[in-house]
Amino acid sequence: VTGAFADQTGPHLRKAREKRPIGTLFVITYYAGIVLRWVAVIMVIPALVSALSGEWSVVPDFLIGAGVALVGGSTLVLLCRTAPSRVYWSQGMLTVAVSWLLSMIVCAVPSWLSGHYLSFVDACFDVMSGFTTTGLVLIQDLDHVSDGLNTWRHLLSYLGGQGMIVLALSFLAHGFPGLYTLYVGEGKDERLLPSMWRTARAIWFISVVYLLVGTGAFAVATRQAGLSAYRGLLHAFWLFMSAWSTGGFAPQSQSILFYHSRIVEAVALVVFVLGSLNFGLHYAVWSGNRREVTRNLEIRSFLVTSAILTLISLAALKVSGVYSTGEVLFRKGVFHLLSAHTTTGFMTIYPSMLVVSWPALAMFCVVLAQLLGGSASSTAGGFKGVRVGIAAKTVVHELRRLLLPESAVVVTRFHFFRDHVLGDRQARAALLVIFLYTVTVSVTAVANLAAGYPLQESLFEAASVTGNVGLTAGLTSASMPLGLKLHYILVMWSGRLEFMAVLVLVGYLIHRRRLPQ
Amino acid sequence: VPGSRRDTLPPAQAAKNVRRKGTASRTDWRRTAVGSITGMATEAASVILYLIGLAVVSLVVAHL
């Protein structure tokens, strides 16, 4: 068979068919369906906690939610019937972007049924805030929320931090093609082991071991703070999930301030700093490579930026006379700076105090820390330490190139799990994401200003929502305009997925027939 | 591979190898457990040291 006829029946046409938008829709639908089924399974956990706490009126909320997720997921899978044989990069990115949106809607069902939200959009806002480990909330009467709903909120944060889609597909669709594309789509790119399934299993193992140890530490701390054994254990479970995922959700409206406990604050600090570290670093240290802690570019970048910002903000707080003793400076100043830098969002002061009492310089340091963020391939948001490190190295590299003779060969090296030579591609990728974050913060700040909020609070909240931090200057509330709520949902979503998956989705919607591979 | 040691192993030796394989698996688990504990201790100690450093900085700033 030769000529045009060969082209119509051969592998070229099959490949072309796979690239067509209908093929992409098929892939998205199939895997989004699997993710929704997984969501249904997860809803059993808060239902069980509700049953254990004797909250029988709450259990149906989760059963209804699980039913919706199961029916929706199974329908999507049945529409496709068979698993796709291949997943392209763009299809993986699209699957992540769409799965997060669909999961948000389904996961909001039990939250909305609880009656703690003024509208379904508010429930979606909180779910997206949990998934993206942001921590901003629109929930009403948080201090009287059921144990089941509190478990659900913190569980969303915990699962979102680990990489929801990859975990779901690792365990429910073992051996499916293109898992790595979803891993990257969810903002993680450090492959710990050759197989993605084993990488997901390693991440899960590290998180569960820390869950057991961290919950124990929090349980001791909350017991010491005066909670009963059962309440203390529940609070410990919730606080660990929130701190480890750098989420910032708390079971009480006063966040960590509620406990008035040095030990709770100390445990929270240790856990959320650990949670903001790269899973690759955890794996390296657990495998015996302890030198990675001191050599890793990301750790060095975090140490330098957090130390400088802490020093400036402490000096500003001391000079302004807000806090005078060393202990209070640490418990308020250092705690908030690190809470911002690790993109956690726990607070030990009231949001209004940030605006009223804190000097502008200290607030600016917190805004910068929110943008810099934690580590890549971790639960944290923001620019990420490795990109900040690469950007700094690029500046030094260019300066050296300008200062040295033209014939000199300038080589800049850095260590990030292995030795790298700084190249144009790495510098471009890091600077592109930093640029996209900066643009998004600016657009969000403009949106806040347009809604009538003051400049300082607008900038603070814009950095918080874009960096998936969760600290608030008081802007985020159920009374904010609907358009701004929707804008925040989009920003949290795109910030968490590091823009690429969202940009691919926008490109797909605009140029359906020219899908990039 | 024909003629190799594996190809010519007597059944008793093969059974012993299976038992050794089980022992290796247990060794892997032990190694994983020890690695997890020492890894966690290393990470926690590093973070606590860093926090102590920041606490000292706070005390110094408070007394300036």
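Heavy atoms closer than 4.5 Å to chain A are found in both the backbone and the side chain of B:V61. Neither the backbone nor the side chain of A:I299 comes within less than 4.5 Å of any heavy atom in chain B. Residue contact with chain B, scored on non-hydrogen atoms closer than 4.5 Å, is absent for A:V328. At a 4.5 Å heavy-atom cutoff, the contact between A:V270 and chain B is made by backbone and side-chain atoms alike.
Between atom CD1 of residue B:I52 and atom CZ of residue A:F330 there is a gap of 9.0 Å, rounded to the nearest 0.5 Å. Between B:L54 atom CG and A:L329 atom CG the span is 12.0 Å, to the nearest 0.5 Å.
B:A44 and A:L274 make their closest contact through N-CD2, 4.3 Å (heavy atoms, listed as atom of the first residue, atom of the second, distance).
Ranked by non-hydrogen atom pairs under 4.5 Å with chain A, the options B:L51, B:L64, B:I48, B:L59 are led by B:L51.
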Below 3.5 Å only, please: all the donor-acceptor pairs between chain A and chain B, one per line.
{"residue": "A:Y210", "atom": "OH", "partner": "B:E43", "partner atom": "OE1", "Å": "2.4"}
{"residue": "A:H282", "atom": "ND1", "partner": "B:E43", "partner atom": "OE1", "Å": "2.9"}
{"residue": "A:H282", "atom": "ND1", "partner": "B:E43", "partner atom": "OE2", "Å": "2.7"}
{"residue": "A:W286", "atom": "NE1", "partner": "B:E43", "partner atom": "OE1", "Å": "3.3"}
{"residue": "A:R290", "atom": "NE", "partner": "B:T42", "partner atom": "OG1", "Å": "3.3"}
{"residue": "A:R290", "atom": "NH2", "partner": "B:T38", "partner atom": "OG1", "Å": "3.4"}
{"residue": "A:S306", "atom": "OG", "partner": "B:Y50", "partner atom": "OH", "Å": "2.3"}
{"residue": "A:K318", "atom": "NZ", "partner": "B:A62", "partner atom": "O", "Å": "2.9"}

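The environment of A:F414 atom CZ is dense: over 12 non-hydrogen atoms of other residues, nucleotides or ligands sit within 6.0 angstrom.
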